[in-house]
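To start, the structure under review is shown below, and the notes come after it.
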Number of protein chains: 2
Amino acid sequence: MATIKDIAKKAGVSITTVSRALNGYSDVNEDTRKKIVETAKLLNYSPNTIARSLVMKKSKTIGLLVSGFIRENAKDNFTIEVMTGVNDYASQTAYDIVLFTTNSSKQREKTYTQLCKERKVDGVIIQGIRTDDPYLDEVIEGEIPCVLVDIPKIGKHAGYVSTDNYAGAWEVGEYLAGLGHTSIGMVNGHEFAFVSQERLKGFKDSLIQKDIKLSDDRISNGDFTEESGGRAALQLLEDNPSTTAIFCASDLMAIGAMTALKSRGYRIPEDISIVGYDNILLSRYVQPGLTTISQDTYGLGYEAAKLLIDMLDHEGEPRKTIVLHELMERDSSAKV
Amino acid sequence: MATIKDIAKKAGVSITTVSRALNGYSDVNEDTRKKIVETAKLLNYSPNTIARSLVMKKSKTIGLLVSGFIRENAKDNFTIEVMTGVNDYASQTAYDIVLFTTNSSKQREKTYTQLCKERKVDGVIIQGIRTDDPYLDEVIEGEIPCVLVDIPKIGKHAGYVSTDNYAGAWEVGEYLAGLGHTSIGMVNGHEFAFVSQERLKGFKDSLIQKDIKLSDDRISNGDFTEESGGRAALQLLEDNPSTTAIFCASDLMAIGAMTALKSRGYRIPEDISIVGYDNILLSRYVQPGLTTISQDTYGLGYEAAKLLIDMLDHEGEPRKTIVLHELMERDSSAKV
DNA sequence: TTGTAAGCGTTATCAT
DNA sequence: ATGATAACGCTTACAA
């Protein structure tokens, strides 16, 4: 591997000059620069970013900390879409992405902060972490610039991107009430996701405003998995046989609910309407197509990267970015 | 950020001793070690991997070079599953993963090799690259240890993992012939994927052995996208209206074919049987469920990482690893 | 068992 | 416009 030292020797100049020439400084003679660039090419030189990072104290890498990047979760293309967005923005910049996953065996030994400190990432994007994660606060309070996906917390060096989950759920309420439903239930996700809380609140509030009460026995909790959605939906119907519409806090749970209900002989949407949340890929392939709230998942990742890199490069303040959502009406919901 | 220098000062020893103590060398007094470890903890020390990499000339990172990691491709969870496999194996080791994507704007300026050399990755896993990629040879002939996914080429520092595409396609041929089909067509992918060539050969050979000839006008090429599959399938039926079974070289194309055929009034599998390849997530959600060849995509990634890291850590020879495949019979195929 | 010193490949400061 | 030289934080002969 050729180094600037080799170039310096061959070109008959000092390493300082080589460094300056290659980095486009103005105070170097055009002829010397030309010669240096030439010999650099000749020696097939490529800069050693590690050495550069060491002296500059900047690695030009951002950590992408994902939980849920596990085999079982591939169904839910949420994670991958976020990652794609992050990647697309980052690849327009000088930053490379280092992947950290929390389901790894390393996790137990090392906190996220340690991971990031050791690899010297300049900043980190965190996706899929649970609100009860013991290290969440450590990250938010920490020194490393970070952007959280779907966790509305701002710290001295921490911003976030999210969608307006309250508003999204509100729209579902409006929509179902508009279709004439009055006996409505909800399958929520586990309590350790901020989105669960928000979606519940938004849904409840919009129904109340239509004089529909979502009592506790009309709310059943799953854990965002397909299977749990089925279980929760059946429970719901057992407790409230009159239910004509169910809002599920995730598409995966909604799909589970549809499967379970269909297997019990319910027709969707004739007997019961189902609405999901996320607009995952599957939702438009299942039968019937699932009505859901579409989130700009890709945008979530893209904006996260944008926000983080703005914080890094222009000392931008940590702040929040809200990306849009939209009701996608398909065939799993109908007038009562 | 505390460094070993700080620890050395505080503990009253030399930095050499600190280095040795922290790295578990035997030639250091137990008491000194204890004190050093203690002060390290006290100072909230974490090692600077960048400095370490510089001197060791090993970054303990592997590059994951993916093309197809783009928004449009999220449907096909192939890429993400490979990535998950890579990640799962890597996270059991000391290696971290750096993500490179070829669809980035960076690509035009820099070759893969440059990317890898600059970031000083110890090795690289390459997924989704086309056989006509101008830089493919550069990688295979290059100095950087690498493992290719689904490109059967071995070099001095390059191994690969793949499935037996010939055998998989062969089994599809046997299967369809076994169902009594004699008028059979194939929708292949573009010629710039090794898998296309292999699948075509395997399919053709197995049919010939059953005295069924797959003439050129019974082969229609798509480009692995859903839409192209639909187009190719319609073309095929126009040219050969008697066709009763179509083998598509990817599930996505098969799904496109099913949609297109259904919209023309064909019933699947009553009028025409469809078989795909890949067993992507969608294939068991579409109607009817798609018969396909399941590849252990996760295993592809896992084995790729394993092979690469073996090459890096134990100077393992570059070699090939073949992961298993299996025919998944669902409802898109039936007796003629 | 411990310390001194060189060196990894850069950038940056200060002369010249 | 160019060059010496120190520094980044670490590992590793070599010496003591």
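Hydrogens, waters and symmetry mates are skipped; everything else that's a heavy atom, side chains included, is used. Since this is a predicted model, take the numbers as computed values, not measurements.
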Q: Mind checking side-chain contact (heavy atoms from CB on, under 4.5 Å) for A/Val55 and listing every partner two or more places apart, or none if nothing turns up?
A: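 Applying side-chain contact (heavy atoms from CB on, under 4.5 Å) to A/Val55 gives none.
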
Q. How would you list, by chain and number, every residue that makes a side-chain contact (heavy atoms from CB on, under 4.5 Å) with B/Leu324, sequence neighbours excluded?
A.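 Once residues adjacent in sequence are excluded, B/Leu324 has no partner under the side-chain contact (heavy atoms from CB on, under 4.5 Å) criterion.
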
Q. Does any pair with a residue in residues 47-57 of chain A pass side chain to side chain donor-acceptor pair (under 3.5 Å), and if so which ones, sequence neighbours excluded?
A.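 Of all non-adjacent pairs touching residues 47-57 of chain A, none passes side chain to side chain donor-acceptor pair (under 3.5 Å).
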
For a quick check of understanding: with a heavy-atom distance under 4.0 Å over all strands, which category does [X] fall into, base, sugar-phosphate or nothing?
X	answer
B/Asp27	base
A/Ser53	nothing
B/Thr49	nothing

Q: Just report the end-to-end axis angle for the helix from C/dT1-D/dA16 to C/dT16-D/dA1, five pairs per end, to 10 degrees.
A: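 It works out to 40° between the end axes.
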
Going by atom type alone, with no hydrogens or angles, which donor-acceptor pairs under 3.5 Å involve a side-chain atom of residues 136-159 of chain B and a protein atom two or more places apart or on another chain?
from, atom 1, to, atom 2, distance (Å)
B/Glu138, OE2, B/Thr111, OG1, 2.8
B/Glu138, OE2, B/Thr113, OG1, 2.2
B/Asp150, OD1, B/Ser162, OG, 2.8

Q.
Going 5' to 3' along DNA chain D, between which two nucleotides do contacts with chain A fall, using a heavy-atom cut-off of 4.0 Å?
A.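 From 5' to 3', the first and last contacting nucleotides are D/dA1 to D/dG9.
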
Q.
Each nucleotide in nucleotides 7-16 of chain C should get exactly one letter: B, S or -. Can you fill that in based on protein heavy atoms under 4.0 Å?
A. BBBBBBB---

Using salt bridge (Lys or Arg N to Asp or Glu O under 4.0 Å) as the criterion, list what pairs up with [X], not counting sequence neighbours.
X	result
B/Asp27	none
B/Arg33	B/Glu30
A/Asp313	A/Lys60
B/Asp31	none

Q) About how many Å separate CZ of A/Phe194 and CD1 of A/Ile129, when rounded to the nearest 0.5 Å? A)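 A/Ile129 CD1 to A/Phe194 CZ: 10.5 Å, rounded to 0.5 Å.
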
Q: Please identify each residue that fulfils ring-ring contact (aromatic ring centres under 6.0 Å, His included) with A/Tyr89, with sequence neighbours left out.
A: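 For A/Tyr89, the residues satisfying ring-ring contact (aromatic ring centres under 6.0 Å, His included) (neighbours in sequence not counted) are A/Tyr302.
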
